[in-house]
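Shown next, in structure tokens, is the structure this report addresses.
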Amino acid sequence: MIENLIDAIAKELDGDLSDVNDLNKLQEKKAKYLGKKGPLTQAMADMKNQTPEGKKTLGMRINECKVYMEKKFEEKKRQIEEKQLEAKLKKEKIDVTLPGLKLQEGSIHPLYQTIMDLEDLYISMGYTIAEGPEIETDENCFEKLNLPKGHPARDMQDTFYINPELLLRSQTSPVQVRTMIEEKGKPFKIVCPGKVYRRDQDDATHSHQFMQFEGLVLGPNITLADLKGALLEMARCMFDKDRNIRLRPSFFPFTEPSVEVDVSCGICGGKGCPTCKGSGWIEVLGAGMVNNNVLRMSGYNPDEIQGFAFGIGVERITMLKYKIDDIRNFYLNDVRFLSQFKEVK
Ligand code: PHE
């Protein structure tokens, strides 16, 4: 009788599994047949009524039945998984002829692009890059640059003071001072890119925060001709190889002689046009031979070491290069403006 019962369980299972086609259902069935309240538990309950011989046979049969059912569940599980995988593969078929989704790409900010171009150029000429803090001491930003307190030339740069000794640097020239002190009288060539701040009213050509790219070369027998060469290279690299530069006398307290540097106008080729206001030249930077006082104050002997310095307005040359007419565009973060410079190399 028990034998029949066990055969019946196996048979019922076969019928019960035939329409199961997902793993959750299968799990339910497994609990039903092999769980604590399943038919085999009931069959076991009959054990106590058996003779020793009968117990042995019943035990074996129950075990066989259990193994049989486990095998069935395993098989069914594999079948369901295979079917699911097939269905998934069918659904996920990739049509390689469909157009791809465009990734939203960022772009390099035009000012940063200019700085990277300038860095590449000067590194290729053997300069290293130096940086300094945007919050500076009055000493580094002015005094050690030959601008003692009360000097009228301090009015050239209307400065944001934090207290009498600390300020937001109004120029990158204090990085010159920092590097000279660090190098202790030795020759070097550096460029220093960075942000500077001035109390200016923002308009199309002024911004209270802008960028400078400073250069300083110190060594024996450095002359104004070296400065001219370093800047001519810059003009030709940043604009085009037909550009020329000219030096006009100017004044900066930290350089002597000081010059204002113009680049020949790229629109009219130097003949004169509205962009260069008819002169054929466009002013791009200030420069000069490092003032002996500046050298001495930071531990250099002007009889042995001379040098030149220059300070490029990064916005100014970027505006000239890409024909941008309002400096505020750089700081509005309008992607319609910024994404135009994607291809710029
Ligand atoms: N620091 C000057 C300025 O901000 C520019 C400059 C730098 C001039 C180096 C001469 C030498 O106007």
Side-chain angles (χ1 to χ4, degrees), residues 111 114-115 118 122 127 129-134 136-148 151-160 167-180 188-200 205-219 222-231 234-235 245-263 282-295 297-298 300 302 306-318 327:
L111 292 179
T114 296
I115 288 179
L118 288 169
Y122 283 102
Y127 289 62
I129 295 171
E131 281 180 337
E134 286 167 30
E136 255 302 358
T137 58
D138 181 273
E139 190 182 5
N140 285 340
C141 198
F142 293 127
E143 290 195 34
K144 283 215 151 86
L145 286 164
N146 205 26
L147 266 152
H151 192 291
R154 283 199 181 206
D155 297 345
M156 286 166 80
Q157 300 176 4
D158 208 350
T159 308
F160 288 110
L167 44 81
L168 288 180
R169 68 179 179 191
S170 52
Q171 50 185 356
T172 42
S173 306
V175 186
Q176 294 187 23
V177 174
R178 287 174 174 274
T179 314
M180 282 193 272
F188 64 83
K189 302 203 276 189
I190 53 160
V191 282
C192 341
K195 285 196 200 97
V196 299
Y197 302 82
R198 287 186 200 177
R199 290 166 51 121
D200 269 333
T205 52
H206 295 84
S207 171
H208 62 283
Q209 178 223 289
F210 57 102
M211 310 272 270
Q212 287 189 333
F213 190 91
E214 185 100 6
L216 173 65
V217 171
L218 292 183
I222 301 279
T223 70
L224 201 65
D226 298 311
L227 169 64
K228 199 171 176 186
L231 293 177
M234 187 281 294
I245 58 167
R246 76 171 181 189
L247 273 46
R248 281 181 292 109
S250 182
F251 171 77
F252 297 104
F254 29 88
T255 46
E256 183 58 37
S258 300
V259 291
E260 211 88 61
V261 181
D262 299 341
V263 173
I282 298 169
E283 185 191 320
V284 287
L285 62 104
M289 299 307 290
V290 181
N291 190 303
N292 285 352
N293 284 341
V294 172
L295 289 172
M297 273 188 278
S298 291
Y300 280 76
Q306 303 77 39
F308 64 76
F310 57 85
I312 304 172
V314 176
E315 280 79 355
R316 180 146 179 78
I317 63 166
T318 310
I327 194 171

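Every number for a ligand or one of its atoms is a count from 1 in the order of the listing.
Using a 4.0 Å heavy-atom criterion, the residues that approach ligand 1 are Gln157, Gln171, Ser173, Gln176, Arg198, Gln212, Glu214, Phe252, Phe254, Thr255, Gly286, Ala287, Ala309, Phe310, Gly311.
With hydrogens and angles disregarded, no donor-acceptor distance shorter than 3.5 Å links the side chain of Arg316 to the backbone of Leu285. When atom types are taken as modelled, the side chain of Asp138 and the backbone of Leu167 share no donor-acceptor pair closer than 3.5 angstrom.
With Tyr197 as reference, Glu134 is the one residue of Gln171, Gln157, Glu134 to meet the side-chain hydrogen bond (donor to acceptor under 3.5 Å, both in side chains) rule.
Nearest heavy-atom pair across Ala287 and Thr255 is O-OG1, 3.9 Å.
Residues passing the side chain to side chain donor-acceptor pair (under 3.5 Å) test with Glu214, sequence neighbours excluded: Thr172, Ser173, Gln176.
In this structure, the ring of Phe310 has its center less than 6.0 angstrom from the ring center of Tyr122.
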